[in-house]
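Every value quoted in this text rests on a predicted model; they were computed, and no experiment measured them. The figures here come from the full heavy-atom set of this structure, side chains too, leaving out hydrogens, waters and symmetry mates. The first residue of the sequence shown is numbered 1, and numbering continues consecutively from there.
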Amino acid sequence: MRKSEVLAAESVACLNKALCHLKDIWEEIGIPEDQRLQRTNVVKNHIKGLLDMMITEEESLRTRLLSSIKSCRKQLDTLCLELQLPPFEEERGVTMLQQEKEIRTQVEVLVKERTQRMQQLKALTERDQDLCDTLCSDPYALDPNAVPSLEQLDGFRQHIASQTTEKERRHAEFVGIKRQIILCMDDLDQLPETSFEKDIVCEDQEAFCLSKDNIASLKLLLGELEERKAENQAVCEAHREKIQELWDRLQVPQEERELFSEHMVASKKKNLDALEAEGRRLMELKRLSMRNVTEAIRSEIAVLWEKCFFSSDQQQAFVPYFSNDFTEELLGLHEAEILRLKQHYEEHKELFEGVHRWEESWRLFLELEEKATDPSRFTNRGGNLLKEEKQKAELHKSLPKLEKKLKAQIDVWEQGQAREFLVNGQKFLQFVEEQWELHRIKKENEKLERQLKKSKQIEVDMLYGTAVRTPTKRRFLGTTTPSKTRKFNGTTSSLSSANSNSTVRSAYGGTVCHSPSRPALSVNKVPSVRTPGRSKPPLAGLQERNKENMGLVTGLGVPLQSARPLPGH
């Protein structure tokens with residue numbers, strides 16, 4: 001008898017014992033028969049519900065086992081087909097649970113096998129792709145998405161081994177040719193020019209494509225470089241023979257020859273250039289040596305001329321400076337001249353440096369003056385405007401002081417030299433005065449241009465009946481005093497009669513405009529009459545006086561456009 005059957009009999013005995021115990025309790029309590037029947041029915045329903053639930057769970061387990069067996073069989077058949085294995089044979093006479101476990105275990109084994117094969121295939125494919133990129137060959141013919149057989153994997157491994165050996169052979173050949181190419185380029189002092197040469201020399205060795213065509217191109221390039229190297233060696237040998245002959249003829253010291261011994265052996269591009277240069281040097285040794293010294297002295301003379309403010313006439317006075325016949329006599333004249341200039345500069349160094357300081361200060365002063373006319377400087381937010389104004393004020397004060405000091409030094413210099421102190425052929429103090437005068441004239445011209453522009457605008461405004469209101473300080477309403485207005489009205493007529501182009505008032509805007517023929521009067525300035533709000537017609541008396549003024553200005557019927565500024569203004 002099975003243990004499960006014994007447990008079932010014990011369960012029935014326990015149930016009967018429990019029911020008897022309940023019956024005794026009910027008897028002792030005195031529960032009526034109808035209530036006992038109800039309670040017994042509750043116990044039965046509870047036990048029946050538990051048993052039904054257990055039966056349902058077990059039936060569900062059986063259903064899941066059957067579904068798992070069916071799914072695993074289907075998956076097992078697919079795996080055997082993909083792995084090219086014979087169909088799986090199930091063991092007979094086993095329970096449903098054992099059957100499901102056996103099939104599921106076999107599926108897990110085959111899934112692991114498929115995963116391993118695919119991983120091996122992926123690794124081999126990646127390795128084969130790297131070899132193909134390096135050797136520029138076609139990839140191995142195997143579908144990377146299908147599960148390979150064991151024989152296919154073995155064949156793939158053999159192919160990878162063969163390609164790896166070929167890569168190592170080509171790489172060793174490439175490294176050897178590359179080393180020779182670099183040596184030849186170094187001897188020829190040649191840099192890689194084409195993209196192929198740059199790939200050979202500059203890029204990493206592992207990144208170079210080791211195709212058959214590239215290896216053939218490497219050999220061809222090496223042959224060309226070796227041929228050019230042989231040509232250079234022949235040319236260098238010819239130069240060496242010529243240089244040796246010149247050394248002997250010019251009696252060049254042995255020490256100097258030993259310094260050049262490096263180029264007498266090697267035949268690189270730099271050696272070839274050095275040999276050619278040495279040949280040219282030896283061919284013109286004496287003339288070139290005198291010329292170099294003379295040219296160096298001339299450079300120093302030019303610098304001293306500039307420091308001592310020599311004019312072009314003073315420079316032209318030294319005629320040997322412009323001669324191209326480089327002889328010993330010419331060199332001696334240059335040496336004497338530079339000694340004289342150096343002595344002259346050192347004796348009056350403080351004066352010359354002072355003149356240079358004045359020129360720099362004057363140049364900076366003019367730059368600041370130029371910036372002052374630039375409207376964009378008012379948009380500056382970095383404080384440069386204030387700095388520039390302060391710097392300009394300081395220069396305006398320091399320049400006269402420096403000029404005074406230079407004047408005293410120049411007087412001493414002129415007394416000692418018994419001649420005038422000239423800067424670029426002109427007396428320095430006269431030059432300074434001319435600069436200040438030119439600066440003043442420029443400022444006045446700019447002022448006259450602004451006045452002329454303003455007067456032309458006034459003529460246009462009067463012609464078309466518009467009035468230009470110049471920006472003025474704001475006034476509070478009601479601040480215009482009647483006395484000033486009366487004074488203005490009383491003087492308008494007399495001013496107009498004195499000069500027909502002196503003042504004109506607009507009959508509509510109430511604005512007084514000065515004529516461009518003369519500057520505005522500094523005494524008894526005529527204020528403009530403005531009315532708050534919109535413009536209103538003036539009083540009748542003012543209109544009459546305006547008509548008189550208009551007649552005076554236009555010259556008894558002459559058009560307004562014909563009025564022009566007086567000469568000299």
Side-chain angles (χ1 to χ4, degrees), residues 369-379 441-569:
E369 285 283 332
E370 189 69 18
K371 289 183 179 179
T373 61
D374 186 5
S376 62
R377 70 191 187 115
F378 294 104
T379 61
I441 294 173
K442 181 181 177 183
K443 299 295 288 187
E444 290 182 356
N445 289 338
E446 291 176 353
K447 182 178 179 181
L448 290 176
E449 288 179 2
R450 291 194 299 269
Q451 291 178 352
L452 181 60
K453 183 178 180 181
K454 183 177 180 181
S455 64
K456 290 182 179 179
Q457 184 62 39
I458 292 173
E459 291 179 2
V460 173
D461 294 337
M462 290 190 298
L463 176 62
Y464 295 101
T466 59
V468 179
R469 297 183 182 272
T470 56
T472 58
K473 295 183 179 179
R474 296 186 177 180
R475 300 176 181 177
F476 292 98
L477 294 177
T479 57
T480 304
T481 58
S483 61
K484 292 184 178 181
T485 305
R486 286 195 297 271
K487 182 179 179 180
F488 169 72
N489 293 335
T491 58
T492 303
S493 178
S494 61
L495 291 172
S496 300
S497 62
N499 187 356
S500 61
N501 282 336
S502 60
T503 59
V504 177
R505 286 197 309 155
S506 173
Y508 296 97
T511 303
V512 178
C513 302
H514 291 282
S515 172
S517 61
R518 295 183 181 179
L521 296 176
S522 59
V523 183
N524 295 332
K525 293 183 179 179
V526 181
S528 61
V529 180
R530 299 178 60 185
T531 57
R534 299 188 178 182
S535 301
K536 296 182 179 180
L539 298 178
L542 294 176
Q543 292 179 353
E544 293 298 328
R545 284 190 288 270
N546 287 334
K547 292 178 181 179
E548 296 174 0
N549 292 333
M550 291 298 293
L552 291 171
V553 170
T554 56
L556 299 177
V558 180
L560 185 62
Q561 296 90 322
S562 62
R564 291 291 182 271
L566 293 176
H569 292 276

- line: Those residues at least two apart in sequence (or on a different chain) that pass salt bridge (charged side-chain N to carboxylate O under 4.0 Å, His left out) with Glu449 are none

statement: Sequence neighbours excluded, the answer for salt bridge (charged side-chain N to carboxylate O under 4.0 Å, His left out) partners of Lys447 is none

- line: In this structure, CZ of Arg450 is separated from CG of Asn445 (nearest 0.5 Å) by 10.5 Å

query: Taking atom CD of Gln451 and atom CD1 of Ile458, what is their separation to the nearest 0.5 Å?
result: 10.5 Å

